[in-house]
Amino acid sequence: MTDAAQTTFRSDLLAGKVAFISGGTSGINLGIAKRFTALGARVAVLGRDPEKARRAAAEIDAETGTEGAMALTADVRDYAAVEAAMANAAAELGKFDILIAGQAGNFPALALGMSANAFKAVIDIDLIGTFNLFRAGHQHLNLPGASLIAITAGQAVRPTPMQAHVCAAKAGINILLKTLAIEWGPMGVRVNGISPGPIEGTEGMARLAPTPEMEAMIKGGAPLRRYGRKDEIGDAAVYLCSPAGQYITGTILDVDGGTGVANGRSMPS
Ligand code: COA
């Protein structure tokens, strides 16, 4: 299997829902924001760069034929800034039915090639950022029935050279989201994770597989023999956040074309 058709369905599955998406100004999370908007949700996307956030909101509106995607700026490492951005979004859009912690930092480096500050930068963005978003966002959730998703990665469960910082941060996210699923379930909050495989056209893949040879190697290790698309991560997020997923909490959904389960042992073509 080398390709798959992109689905472009529209419906009112998420009509009336409000979604706050950190990291939603680019990549996978922007893909999720577009998917949600096409299904009727109103979205706020949060990033560090105001111009990039503004462009992302305009792109969401233009591609989905809607208007009103909200652009917000904050560094997820700054709790007060996250709180302020969320208060803004809630005042404009209403309480959040969906909250996605999708921001991530990554660069390939051996442990001996990174400073303590470099390691901390990724822990702070990924793990502390996810805690900040979920902790600050809790007061703005539409309860019961709110759905939270943390974007994690296969590095959380597979030790990966040159990714010690990401492995540690994502492993922390996995156990954090499961713990919050237990603590917040009785309040009507579901907390899940999505673990994307290699997704085409993302900054992450540009950093991790910059050459055609590396790209071919990664595709060869995926049973489905291709990179995933952003809309396919969007579909997984729709599943977890929609009524179709309403009995699911504390789960991490691999959306990776089988990359993780094959773990380098995919059948030869
Ligand atoms: N190898 C080793 N160290 C590196 C590095 C690399 N390739 N890139 C950055 N660092 C180090 C910096 O030197 C710095 O350490 P120092 O203070 O000891 O010199 C530390 O990481 C923090 O870098 P800085 O640029 O100050 O932090 P930042 O907060 O602006 O950036 C990063 C955070 C480093 C994670 C940056 O890669 C980033 O912003 N990424 C966001 C986008 C992204 O990664 N997307 C992919 C998601 S999968």
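Just follow the structure's listing: the first ligand is 1, and inside any ligand the first atom is 1.
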Would you call Glu63-Arg35 a salt bridge at under 4.0 Å N-O?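 Salt bridge flag = no for Arg35 with Glu63.
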
Are Arg55 and Glu59 within salt-bridge range, i.e. N to O under 4.0 Å?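 Between Glu59 and Arg55 there is no salt bridge, as every charged N stays at least 4.0 Å from the carboxylate O atoms.
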
Under a 3.5 Å distance rule, please check whether Asn192 uses its side chain to pair with a backbone N or O of Gly250 as donor and acceptor.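 Between the backbone of Gly250 and the side chain of Asn192 there is a qualifying donor-acceptor contact (under 3.5 Å).
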
Using 30° and 60° as the class boundaries, would you call the ring planes of Phe96 and His140 parallel, tilted or perpendicular?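 Phe96 and His140: tilted rings.
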
Return the set of residues passing ring pair (Phe, Tyr, Trp, His ring centres under 6.0 Å) with Phe36 (not counting sequence neighbours), or none when no residue passes.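 Counting only residues at least two positions away or on another chain, Phe36 forms no ring pair (Phe, Tyr, Trp, His ring centres under 6.0 Å).
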
Using a 3.5 Å cut-off on N/O to N/O, what pairs does ligand 1 make with the protein? A line per pair would be great.
from	atom 1	to	atom 2	distance (Å)
ligand 1	15 (O)	Ser115	OG	3.3
ligand 1	17 (O)	Asn117	ND2	2.9
ligand 1	18 (O)	Ser115	OG	2.6
ligand 1	29 (O)	Arg77	NH1	2.9
ligand 1	29 (O)	Arg77	NH2	2.8
ligand 1	37 (O)	Arg207	NH1	3.0
ligand 1	39 (O)	Arg48	NH2	2.6
ligand 1	44 (O)	Asn106	N	2.8
ligand 1	44 (O)	Asn106	O	3.2

Evaluate Gln103 against Ser22 for side chain to side chain donor-acceptor pair (under 3.5 Å), listing each step before the verdict. CA-CA 6 Å; Gln103 79 292 335; Ser22 81; 2.5 Å; yes

